[in-house]
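Beneath this line is the structure, given in structure tokens, with notes to follow.
Chain letters run A, B, ... following the sequence lines, proteins first, then strands; residues in each count from 1.
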Amino acid sequence: MTDFRKEEEKSMNFIEEIVESDLAAGKYKSIVTRFPPEPNGYLHIGHASSICLNFGLTSKFPGYTNLRFDDTNPTTEETEYVESIKEDIKWLGFQWKNELFASDYFDKLYEFAVLLIKKGLAYVDDSSSEQIATMKGNHTTPGQNSPFRERSVDENLGLFERMKKGEFPDGSRTLRAKIDMAHQNLLMRDPILYRIKHAHHHRTGNNWCIYPMYDFAHGQSDSIENVTHSICTMEFVPHRELYDWIIEKLQIFPSHQYEFARRNLNYTVTSKRKLLQLVNEKFVSGWDDPRMPTITGLRRRGYTPESIRDFCERIGIAKRDNLIDVSLLEYCIREHLNKISQRRMVVFDPLKIVISNFPEMHEEILKGEDNPEDPDAGHRDIPFSRDLYIEQDDFMENPPKKYFRLTPGQMVRLKSAYIIKCEEVIKDDAGKVIEVRCTYIPESRSGSDTSDINVKGTLHWVSMKHAVKCEVRLYDRLFRVEDPSSEEGDFKDYINPDSLQVIETAYAEPAVLTTTFNDRYQFLRKGYFCLDRESSEEKIVFNRTVTLKDTWAKELKKG
RNA sequence: UGGCCUAUAGUAUAAUGGUAGUACAACUGAUUUUGGUUCAGUUUGUCUAGGUUCGAAUCCUGGUAGGCCAACCA
């Protein structure tokens, strides 16, 4: 019920408005959308936005969404990508109605081409790529007709069939639409419909040696599937005129194209070409490197599908250029993880604490809340003993103002345990603090505190002899600048050299031993973590999904 | 140089001719056994010049700025 209210209050984006008014006007009884990836790379956060839009539309309004692979260029497309794309969409929480491929329509598309030839609207051109480019003209000067433009229908039919049969080498001929070489829209100057490519296709094998261009495949595929609202990004705006022209001349189901501005995230790149470079040139460990903005990278990093959907909902859909602040994505994942993750204590950079008034061989089992945000989450056992680790950061001999942590003579609480007081600082020959001797207040035990002592700071800790060693990988933004693509020179010059920091040995409380790959943890005062897929029985590896908000760090930065 | 698209706070997005709102970010403060969470509050905006109108972020015109278009890529 509360969800429904929320829905109602939320305003629609411009595409939802178009759909609503089409439905209200009785133009359609239900709608069909499609998500049309080319299987030549992995899906990234920008695609997530498009996926949420297309599938979201058909969950808000009657209708369904297809998954259609736009696989008309055999030289760049691979089955590996088909599989990853399907996995990512499912993981995001969406289910398509039909799984389709543009290559399913190669026969149909060929028939469409023949029909266009018969209508005198397409011709075979023997010009070279360079000649076609020259004759195209440019923004200010009209193009020139190809010398092959006036071939007879029969001659075109014969030549096109021979192209299909493989009688001509790559690049020697094309099929072109006969529109208008002086058209203001360059895409309407007799666009190429088919090209010859003697290449193996991931699905049709060697059946074909001619392949349709995007403009002669996409719109017709939409039409064949009765797609009502074909949604794409702004760079396809000029294609819409051609899209409509072909549908009109073929007299097939009139799908309509609508464009929105692709979503851009700061401190990263989301072009497939650039992501591929990062992978191939080993700036990252692969498509699923946790620093990558790919869906698979975000998944490995510990992002949840809920948080990504929430993010896409919040950033909205519009037509203007944008560069979205990654802090919103981080906000979304923190918000979700805060609700669902179990709390654990892990020390990254240990400093030994000895509780001198605690018996040496003694140990106690304390209870720690699994999640204070969730009353049903329960508790875990935490062993406490005389020798402990805290973070180096959490002790300072000469603290700055407003430092609430352990300092000589002062008291802090150990989370879920006791209040301790710093009594003595032990240093090595170089003057480095190697151990801090404390006393504890026995009656300050968490949950049954009768000490009446108030302390400012609470620290996380682990019992030395119970500590479990693990590796922790800390990630930061991949680039040093907000928009690497708009900087001078190569975008790779702006990679953040500190985007990965590995803590080879961190010390965790024993409760982490039962972690499964689905678990989400909040390491107290450190951030949210999940098990990395490289984790094993011998070596536990955690990925930091995102830090906690840290107002103290901010304070320090201000100086 | 032509055409097309776009312009609301630092960022993103609403307001559909009638009170410029929301979220994130930033900043105060309260609460807190996480410097987390939560809560209360503050700062910041209609690109510009005209026009239409009782009234313009919204409609019109000019300008400015950004983006896209001259692949046998999608």
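- Using a 4.0 Å heavy-atom distance criterion, A/Arg343 is classed as a base contact.
- Within a 6.0 Å sphere centred on NZ of A/Lys272, other residues, nucleotides and ligands contribute more than 12 heavy atoms.
- Within 4.0 Å of A/Met213, counting heavy atoms only, lie sugar-phosphate atoms of the nucleic acid but no base atom.
- Residue side chain A/Tyr214 fails the stacking definition with respect to B/rA74, as its ring centre and the base's six-membered ring centre are not both under 5.5 angstrom apart and under 30 degrees in plane angle.
- In this structure, the ring of A/Tyr42 has its center less than 6.0 angstrom from the ring center of A/Tyr81.
- No hydrogens or angles were tested; on distance alone, nothing pairs the side chain of A/Arg525 with the base of B/rU34 as donor and acceptor under 3.5 Å.
- Looking at A/Ser446, its side chain comes within 3.5 Å of the base of B/rU33 through a donor and an acceptor atom.
- Searching all strands for a Watson-Crick or G-U wobble partner of B/rC24 with both distances below 3.5 Å returns B/rG10.
- Regarding A/Lys272, its NZ atom lies at a distance of 20 Å from the P atom of B/rA71, rounded to whole Å.
- B/rA23 atom P lies 21 Å from atom CD1 of A/Ile333, rounded to whole Å.
- For A/Glu373, the listed nucleotide lying nearest its side chain is B/rU37; candidates were B/rU37, B/rU34, B/rU11.
- In this structure, A/Phe236 has its ring center no closer than 6.0 Å to that of A/His218.
- Taking atom NZ of A/Lys136 as the reference point, atom P of B/rA71 lies 6 Å away to the nearest angstrom.
- The base of B/rG35 lies close enough to the side chain of A/Arg405 for a donor and an acceptor atom to sit less than 3.5 Å apart.
- Contact of A/His239 with B/rC69 (side chain to base): no donor-acceptor pair of N or O atoms is detected under 3.5 Å.
- The residues A/Arg314 and A/Glu335 are annotated as salt-bridged, a charged nitrogen and a carboxylate oxygen being separated by less than 4.0 angstrom.
- Using a 4.0 Å heavy-atom distance criterion, A/Pro372 is classed as a base contact.
- For A/Arg320 and B/rU8, a side-chain-to-base donor-acceptor distance below 3.5 Å is present, hydrogens and geometry of angles not being considered.
- We find that CG of A/Leu323 is positioned 14 Å from C1' of B/rC24, with the value rounded to whole Å.
- In this structure, CZ of A/Arg309 is placed 19 Å from C1' of B/rA23, rounded to the nearest angstrom.
- Across all strands, A/Thr72 comes closer than 4.0 Å only to sugar-phosphate atoms, never to a base (heavy-atom distances).
- Looking at A/Asp125 and A/Arg151, no side-chain N of the basic residue comes within less than 4.0 Å of a carboxylate O on the acidic one, giving no salt bridge.
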